[in-house]
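Data first, discussion second: the structure below is written as structure tokens.
Proteins get letters first, then strands, A, B, ... in listed order; numbering begins at 1 in each.
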Number of protein chains: 2
Amino acid sequence: MLESKKKQRRGEVTRDKILKTALRLFSEKGYDKVTVDEIVKKTGTSKGSFYQHFSAKSDIFLVRFTEVDNYYLEVFHSFPEDMDPFEKLFIFTQKLMRFLEEEMGKDLMKVIYSSSLNSKEHTYFLNSNRSLFQIIFTLLEEAKDQGSIGTDQCVEVISTMVTQSLMGIIYHWGIHDSDQSLESLSIPLMKTILVGLKMKNKKQD
Amino acid sequence: MLESKKKQRRGEVTRDKILKTALRLFSEKGYDKVTVDEIVKKTGTSKGSFYQHFSAKSDIFLVRFTEVDNYYLEVFHSFPEDMDPFEKLFIFTQKLMRFLEEEMGKDLMKVIYSSSLNSKEHTYFLNSNRSLFQIIFTLLEEAKDQGSIGTDQCVEVISTMVTQSLMGIIYHWGIHDSDQSLESLSIPLMKTILVGLKMKNKKQD
DNA sequence: CTATCAACTAGACTACAGTCTGTTTTTAAT
DNA sequence: ATTAAAAACAGACTGTAGTCTAGTTGATAG
């Protein structure tokens with residue numbers, strides 16, 4: 001009954017404490033105004049503990065970022081059966097963008113995008129991208145089955161295109177200081193691609 | 001006559017020596033296997049000199065990266081007058097991708113993309129992007145004048161879409177280990193967008 | 001109950017980018 | 001030529017992420 005907390009290993013408690021404290025500090029002062037030393041001091045632990053549970057400072061954000069996976073699936077399963085797959089895909093990407101900006105935040109996204117370029121590991125990010133890719137793939141396959149895709153390229157290639165676009169939109173947003181929302185910044189490109197996918201190779205006449 | 005070298009300021013000589021040595025070391029051992037201390041030691045200078053001429057270690061790559069600007073313009077001016085603007089744009093992006101992979105290299109591109117996310121300065125990159133944007137803008141304006149764009153969105157927005165896509169393609173390539181060339185990885189998305197731009201809002205019939 | 005071993009913790013230590021301060025060299029003005 | 005200001009330079013110093021090693025705790029097996 002109360003076991004859930006009692007049985008929690010000593011290490012898990014420490015890990016949670018570090019995670020929560022770090023995230024709070026990051027959101028209060030910004031990621032690069034917070035040092036690992038400050039985190040462990042405020043947590044009453046030590047560097048040794050920190051790196052026992054996390055592989056790097058950025059790992060804190062990475063762990064938080066894995067929550068998107070759940071959100072992906074939640075949105076994916078919320079669509080009515082009979083909805084047009086292209087519409088599903090469009091709505092999916094819009095909700096994703098909104099979620100990333102509002103729940104994750106730009107600071108986090110920049111750290112994720114930056115650290116993924118550096119480390120050879122960045123397992124979380126690639127995994128998240130795999131599950132994102134999987135959902136996009138499923139939706140596009142559905143579209144293909146219905147014959148609404150106007151190109152004979154395989155779904156894998158098309159899914160990659162969509163992934164590339166999403167990354168580009170996010171990256172572009174990350175390096176610019178626009179007051180527009182990520183969601184609104186993503187609309188033109190996403191719409192254009194979807195049009196392009198429907199039309200491709202079907203010369204208009 | 002020989003003045004060009006003689007009159008070169010002492011500082012310029014040092015700067016050049018550091019730049020060349022650093023680039024050589026980066027290409028020999030990889031960017032993050034080279035330390036600034038090693039660079040200045042091999043150059044026979046000092047940290048003070050290094051940071052007199054460069055604002056950061058990554059600045060070395062940033063300086064090299066500015067060469068793309070010349071290449072942009074060179075390609076841009078090489079197109080025959082009467083070529084279809086969409087074709088120009090497509091060829092332009094393909095040549096750009098090939099250039100970035102072959103002349104700049106993945107190591108450099110990753111550093112550029114990563115450091116642009118961190119610093120608040122990254123002037124070079126944003127400048128290069130501005131001149132890239134300018135060329136894309138010009139080509140798309142040409143297309144719009146010819147009435148070959150099937151949407152009434154302003155050219156600014158459309159240019160942003162293309163920029164987002166290019167960044168996404170490059171970023172995606174940066175974090176994955178594919179044996180395909182950047183150029184070939186970029187073809188599907190670029191083609192789809194161009195189709196989408198031609199078609200958008202023109203319901204087929 | 002004790003021994004063993006793995007998970008965990010502490011904090012000193014290392015590596016390295018970037019800063020700071022003081023010195024030397026160059027340039028420019030008088 | 002003298003001198004003042006600016007540019008260039010040297011290298012010691014600082015800040016911080018991440019490592020290493022030695023010690024502690026707690027679970028499990030005998």
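The distance between atom CD of B:E38 and atom P of C:dA15, rounded to the nearest whole Å, is 14 Å. The OH atom of A:Y31 sits 8 Å away from the P atom of D:dA17 (whole-angstrom rounding). Following rounding to the nearest Å, A:D37 (CG) and C:dG11 (P) show an atom-to-atom distance of 12 Å. Rounded to whole angstrom, the span from the CZ atom of A:F50 across to the P atom of C:dA7 amounts to 20 Å. As a whole-Å value, the separation of A:F54 CZ from D:dA17 P is 15 Å. One atom, CG of B:D32, and another, P of D:dA17, lie 18 Å apart when rounded to the nearest Å. We find that CG of B:D59 is positioned 12 Å from P of C:dT19, with the value rounded to whole Å. Rounding to whole angstrom units, CD1 of residue B:I39 and C1' of C:dG18 are separated by 13 Å.
Here A:T35 does not reach the OP1 or OP2 of D:dG15: none of its side-chain N or O atoms lies under 4.0 Å away. In this structure, B:H53 reaches the D:dC9 phosphate: one of its side-chain N or O atoms is under 4.0 Å from OP1 or OP2.
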Report the C-alpha separation of A:Y113 and B:I175 in whole Å, then their side-chain angles, then the decisive distance to 0.1 Å, and conclude whether the side chain to side chain contact (heavy atoms under 4.5 Å, CB included) test is met. CA-CA 9 Å; A:Y113 267 64; B:I175 61 170; over 6 Å; no
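Picking from D:dA10, C:dA17, C:dC8 the nucleotide with the shortest atom distance to the side chain of B:S46 gives D:dA10.
For the pair B:T21 (side chain) and B:I39 (backbone), a donor-acceptor distance under 3.5 Å is absent. Here the side chain of A:Q164 pairs a donor or acceptor atom with the backbone of B:L185 at under 3.5 angstrom.
Using a 4.0 Å heavy-atom distance criterion, B:V34 is classed as a sugar-phosphate-only contact.
Put simply, the side chain of A:K47 and the base of D:dG18 share a donor and an acceptor less than 3.5 Å apart.
The neighbour count for A:K106 NZ, taken as heavy atoms of other residues, nucleotides or ligands under 6.0 Å away, is above 12.
Judged by the 6.0 Å and 45° rule, A:K57 forms a cation-pi pair with A:Y31.
Across the interface with DNA chain D, nearest-nucleotide mapping of A:S55 and B:Q52 shows B:Q52 to be the residue nearer the 5′ end.
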